[in-house]
Amino acid sequence: MPRKLVVRTNPHSIAAEQYRTIRTNINFSMPDLTSKIILFTSASKEEGKSTTAANMAIVFAETGKRVLLIDADMRRPTLFRTFQLGNNTGLSNLLLGKGTLKHSVKASGIPNLDLLMSGQIPPNPAELLESDTLDELMGEMRELYDYVLLDSPPILSVTDAKILANRCDGTVLVVNTGKSEKVSVEKARDSLATAKAFILGVVLNNYPLTSENYYYHNYND
């Protein structure tokens, strides 16, 4: 089932406006970088990180900037389902030295937004991410895009997210307000700190709305 791209389906909703607010906060947090590589992760699975990454990619593209959204989860990829595209080639293929970035990205159908799928699932995702090839690939991405957003596996599940967080300019931790346990969030924060990641902030999913939120929504309508 495709993930909900609320920024496209309901662009004037409260949720869509919150994604744009996050966009503004990220830009304020990284004012000196002309090209930004940002990781989205969570403590555990099903907290909304992939949905958040996809919607954030769209709101960055709305500003006219060149954006690349990458499915960096080479264990349980989802981006190809979100945009209903094939997953035969992608990040894993590039890390194995097969193909080029130019010929591996796919058009999203949204202006200014390109996609890089995870590619075929490899037996050794962590080893691929630790290779020098990833650094070379990121350097190429910086030359082509203003924003590169990576959707990674949960940080407490496998080591992939820690490796990526160390190499990205900033990391966003996505938390499901109604599901996440405090101890898991704290462990995720500590894991990012161990990886020497620059934590941009936390996105709270399923946060209960207040009357002020409803007023703001009606005011915009």
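These figures come from a predicted structure and were not determined experimentally.
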*Please report the C-alpha distance between K187 and S184 in whole Å, then the side-chain angles of each, then the deciding distance to 0.1 Å, and finally whether the side-chain contact (heavy atoms from CB on, under 4.5 Å) criterion is met.*
CA-CA 5 Å; K187 287 181 179 178; S184 295; 5.7 Å; no

_CG on L91 to CG on L134, rounded to 0.5 Å_ = 7.0 Å

*Looking at CZ of F40 and OG of S50, how far apart are the two atoms once the value is rounded to the nearest 0.5 Å?*
11.0 Å

*Between G48 and N205, what is the shortest heavy-atom contact and its length?*
CA-ND2, 3.4 Å

*Is there a path from L128 to M141 through hydrophobic residues (I, L, V, M, F, W, Y) whose side chains come within less than 4.5 Å of each other?*
yes

*asked:* Can a donor-acceptor pair be found, under 3.5 Å and without considering hydrogens, that links the side chain of K36 to the backbone of L33?
replied: yes

_Test: ring pair (Phe, Tyr, Trp, His ring centres under 6.0 Å). Region: residues 145-179. Which pairs qualify, not counting sequence neighbours?_
F60-Y147

_Transitive ILVMFWY side-chain link M74 to F83, under 4.5 Å_ = no

_With a 3.5 Å distance limit and no angle check, can you tell me whether R66 reaches the backbone of N112 through a side-chain donor-acceptor pair?_
no

*Evaluate the criterion salt bridge (Lys or Arg N to Asp or Glu O under 4.0 Å) for residue pair K106 and D114; output intermediate values, then yes/no.*
CA-CA 6 Å; K106 299 177 182 291; D114 287 341; over 6 Å; no

*Quick one: pull up CE in M117 and OG in S104 and give me the separation to the nearest 0.5 Å.*
11.5 Å

*asked:* Is there a path of hydrophobic side-chain contacts, each under 4.5 Å between heavy atoms of I/L/V/M/F/W/Y residues, joining I163 to L173?
replied: no

*Closest heavy-atom contact between T159 and A126?*
CG2-CB, 3.6 Å

*What's the shortest heavy-atom distance between A61 and V67, and which atoms?*
N-CG2, 3.6 Å

*How long is the gap from CG on D146 to OG on S35, to the nearest 0.5 Å?*
6.5 Å

*Testing L149, I58, L68 for side chain to side chain contact (heavy atoms under 4.5 Å, CB included) with L113, which one passes?*
I58

*So do K49 and V203 actually touch side chain to side chain, heavy atoms under 4.5 Å?*
no

*Is there a donor-acceptor pair closer than 3.5 Å between any side-chain N or O of D169 and the backbone N or O of I37?*
yes

*CG of D132: more than 12 outside heavy atoms within 6.0 angstrom?*
no

*Tell me, with the steps shown, if L164 and L150 meet side-chain contact (heavy atoms from CB on, under 4.5 Å).*
CA-CA 9 Å; L164 287 166; L150 294 90; 4.0 Å; yes

*Heavy-atom side-chain proximity of T78 to D151 below 4.5 angstrom*: yes

*Do you know which two heavy atoms are closest between I110 and S108, and how far apart they sit?*
N-OG, 3.0 Å

*Backbone of E127 reached by a side-chain donor or acceptor of N124 within 3.5 Å*: no

*Distance-only, no hydrogens or angles: does the E47 side chain make a donor-acceptor pair with backbone N or O of S44 under 3.5 Å?*
yes

*State, with a plain yes or no, whether a side-chain heavy atom of D160 is found less than 4.5 Å away from one of P153.*
yes

_Go through it in stages, so that I can follow the logic: the residues are L192 and F198, the test is side-chain contact (heavy atoms from CB on, under 4.5 Å), and I'd like the CA-CA distance, side-chain angles, deciding distance and then a yes or no._
CA-CA 8 Å; L192 289 171; F198 175 38; over 6 Å; no

*Is there a donor-acceptor pair closer than 3.5 Å between any side-chain N or O of S92 and the backbone N or O of I121?*
no

*So if you build clusters from Ile, Leu, Val, Met, Phe, Trp, Tyr with side-chain heavy-atom gaps below 4.5 Å, do L116 and F80 land together?*
no

*Donor-acceptor pair, S191 side chain versus I155 backbone, under 3.5 Å?*
no

*Between T24 and R20, is there a donor-acceptor pair closer than 3.5 Å when you use the side chain of the first and the backbone of the second?*
yes

*How long is the span from the NZ atom in K162 to the CG atom in L156, to the nearest 0.5 Å?*
9.5 Å

*Of all heavy-atom pairs between M30 and G170, which one has the smallest distance, and what is that distance?*
CE-N, 4.1 Å

*Any chance CZ of R76 has more than 12 other-residue heavy atoms, nucleotides or ligands included, within less than 6.0 Å?*
no

*Kindly write out the residues that satisfy side-chain contact (heavy atoms from CB on, under 4.5 Å) with Y19, not counting sequence neighbours, or none if the list is empty.*
V6, V7, I22, T51, T52, N55, M56, V59

_Full working for side-chain contact (heavy atoms from CB on, under 4.5 Å) between V202 and R189_ = CA-CA 10 Å; V202 176; R189 177 203 60 196; over 6 Å; no

*Can you find a side-chain donor-acceptor pair between T41 and S152 that sits under 3.5 Å?*
yes

*Report the distance from atom CD1 of I70 to atom CD1 of I38, rounding to the nearest 0.5 Å.*
11.5 Å

*Linked, directly or transitively: M138 and I26 (ILVMFWY side chains, under 4.5 Å)*: no

*How about S118 and D73: do any of their side-chain heavy atoms sit closer than 4.5 Å?*
no

*Please name the pair of heavy atoms, one in R8 and one in G109, separated by the smallest distance, quoted to 0.1 Å.*
NH2-O, 4.3 Å

*Between R23 and E62, is a salt bridge (Lys or Arg N to Asp or Glu O under 4.0 Å) present by the stated rule, with each step listed?*
CA-CA 11 Å; R23 176 188 67 197; E62 284 179 345; 3.7 Å; yes

*Test item: N87 side-chain N/O and G119 main-chain N/O as donor-acceptor pair under 3.5 Å*: yes

